[in-house]
Protein chains: 2
Amino acid sequence: MLSANSAERAQSYNEVVVAFDAAPICLQSLFSKQPLEQLDAGGTLFFEGDQAKHLFELVEGVLRVFKIMADGRRVITGFLYPGDLVGVSLRNHYLYSAEAVTPVRLRRFSRKVFEDTVGSSPELRPLLLARLCDEMAAAQDQMVLLSCKNAEERLCSFLLRQLQRKREQDRSCSIVDLPMTRLDIADYLGLTIETVSRTMTRLTNKGIVGPAGRHSIRILKARMLAHLAGEGDECDDRYSPVISLDDARRRH
Amino acid sequence: MLSANSAERAQSYNEVVVAFDAAPICLQSLFSKQPLEQLDAGGTLFFEGDQAKHLFELVEGVLRVFKIMADGRRVITGFLYPGDLVGVSLRNHYLYSAEAVTPVRLRRFSRKVFEDTVGSSPELRPLLLARLCDEMAAAQDQMVLLSCKNAEERLCSFLLRQLQRKREQDRSCSIVDLPMTRLDIADYLGLTIETVSRTMTRLTNKGIVGPAGRHSIRILKARMLAHLAGEGDECDDRYSPVISLDDARRRH
DNA sequence: CGTATACTTGATCGTTATCAAGGCCTGTGG
DNA sequence: CCACAGGCCTTGATAACGATCAAGTATACG
């Protein structure tokens, strides 16, 4: 999948098409003439290994993208949100399966035509590469998370990213929705459903988040959340002095 | 980083240049006129966050590519081998640091020129995308490994990949070299050095691998290794019936 | 040959998975 | 509107896997 990651990038993807509506200068504009398709919650968009005949632009709703291991365990490699492109696997077969978390609306586009069009457009090519780069960066962040963060750090990182996505649209809003189930979150963070639940409870008890229904959550102490996420930056402490390089190599 | 992953692809990258030596039809041929540079074992090629002014083609030796977390923990996101391209981050800054595991020889190329050249060449563009796709697939495999494989499965997966890389050059060879330290392997697999060591010992006791010096290992039961790696395929059992989907969702 | 580094092995502890039960929403049908 | 059923989620008890702490051993390099 290709998520429109950082806020700045996400904006620059779109703003150009306003100026030149005729020639497709942003990737989404390729899809704009395609009919809107729907998919119910839980529905499958495609399976890992399927012939990758189409790409999709997610217009509304949330998708989960995952792999099933030989023994049946599921690993969710990402969630996709409106504006993201799905299935840009650049291979003949999809690398993963994609399912709707919520009811979803999307536009379909032939992969072959997409590749030809983007390939022959000097404007679109760098946009595709930028998306691939964002996706790669996200994958590496996820590897870091899975490699050496504990349950609390994982969940805080996750909630923080949700908050950041939310704030791209609505600055100052502190309620983020979590349309996915606890099991989805667990399979995304490499934890069990019980650990996610327990950790969520602990964050609530600490007053860092507050309950706001089953599928949303109120972030009470964003700064604290960022700290617990264990990502040196996220809240601009990238300028703060590096603290105690001595206790490096602690736990995994 | 961009590793020449699957055997077939790796070959197709190279074979074309033999036919047409004049026009660069494979990505490496761009580098062929650049002078060979050297780097001692342990030397740094670039740091995460550095301006990405250059790309590199690794000609000889092994590199490790990694991120350092805020608290000093290190996550190795990959190892690079001869033929791989390094630093194709597609961003203005490198996403990771790169160090030499062994003494290394490589060729340097301006990132700007690389992007322009590849961008304007209909032959090279798909090669770059194919590499990016391979890298993405590798990153996802790593996420699966880190998400839900135990220590033994992780190490077996790692050894198996080393064996496969080796067999691309020398079919039938069963000794793979592990130029990296145990600490490197641990930081790559999300384990501690002690766990790597213990697991290695256990595999030796089981007769699956045999000792062959500190920096190489003999694979005695490749089939068994593939089975323990917990990857349904890897040894063509992708054609075997899916066994017991009931015990899905076991451990993480 | 001796020292430093890398690796192995052992004992113990902690985090998280697993097993098990209970509570809470949601939707459905009476 | 209420009762009930089935998910989904939470909470508790226990166990296992791997991290951590601590020696001890091999290997490389001067």
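Chain letters run A, B, ... following the sequence lines, proteins first, then strands; residues in each count from 1. In this text, all values refer to a predicted model and were calculated from it rather than measured experimentally.
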- Would you tell me if any nitrogen or oxygen in the side chain of A:T192 comes within less than 4.0 Å of OP1 or OP2 on C:dA17? yes
- Item | Set of salt bridge (Lys or Arg N to Asp or Glu O under 4.0 Å) partners for A:R161, sequence neighbours left out | none
- Could you state the CG-P distance from B:L189 to D:dC17, rounded to the nearest angstrom? 18 Å
- Between D:dT11, C:dT16, C:dT9, which one does the side chain of B:S197 approach most closely? C:dT9
- May I have the distance from B:I193 (atom CD1) to D:dA19 (atom C1'), rounded to whole angstrom? 13 Å
- Roughly how many Å is it from CD in A:E152 to P in C:dT15, rounded to a whole number? 11 Å
- Can you check the B:K149 NZ to D:dC17 P distance for me, whole Å? 18 Å
- Query: Just how far, in rounded Å, is C1' of C:dC7 from CD1 of B:I217?
  - Reply: 13 Å
- Measure from the side-chain heavy atoms of B:R182 and tell me the nearest of C:dC7, C:dA17, D:dT10. C:dC7
- In chain order, what residues pass the salt bridge (Lys or Arg N to Asp or Glu O under 4.0 Å) check against A:E194, with sequence neighbours excluded? none
- Query: For the pair made of CG in B:L178 and C1' in C:dC7, what is the distance, rounded to whole Å?
  - Reply: 13 Å
- Query: Is there a donor-acceptor contact under 3.5 Å from the side chain of B:S216 to the main chain of B:A212?
  - Reply: yes
- Task: Nearest whole angstrom, please: distance from the P of D:dG7 to the CG of A:L183.
- Result: 14 Å
- Message: Can you tell whether the side chains of B:E152 and B:R198 come within less than 4.0 Å, N to carboxylate O?
- Response: no
- Euclidean distance, atom CG of residue B:L191 to atom C1' of C:dC7 [Å, nearest integer]: 16 Å
For nucleotides 22-30 of chain D, give me every protein contact, N/O to N/O, under 3.5 Å, one pair per line with atom names.
| unit_1 | atom_1 | unit_2 | atom_2 | d |
| --- | --- | --- | --- | --- |
| D:dT27 | O4' | B:R214 | NH2 | 3.3 |

- Message: Contact list please: residues 198-208 of chain B against DNA chain D, heavy atoms, distance less than 4.0 Å, in numerical order.
- Response: B:R198
- Query: Checking B:Q142 side chain against B:Y188 main chain: does a donor-acceptor pair fall under 3.5 Å?
  - Reply: yes
- When you check the phosphate oxygens OP1 and OP2 of C:dA6, does a side-chain N or O of B:T181 lie under 4.0 Å from one of them? no
- Any salt bridge (Lys or Arg N to Asp or Glu O under 4.0 Å) involving residues 175-184 of chain A? Give me the pairs, sequence neighbours left out, ordered by first then second residue. A:R64-A:D184, A:R74-A:D184, A:K166-A:D177
- Message: Can you list everything that forms a salt bridge (Lys or Arg N to Asp or Glu O under 4.0 Å) with B:R105? Sequence neighbours excluded, please.
- Response: B:E60
- Message: Classify the ring geometry of B:F46 against B:Y96: parallel below 30°, tilted from 30° to 60°, perpendicular beyond 60°.
- Response: tilted
- Task: Please check if any side-chain donor atom of A:Q162 sits under 3.5 Å from a side-chain acceptor atom of A:Y81, or the reverse.
- Result: yes
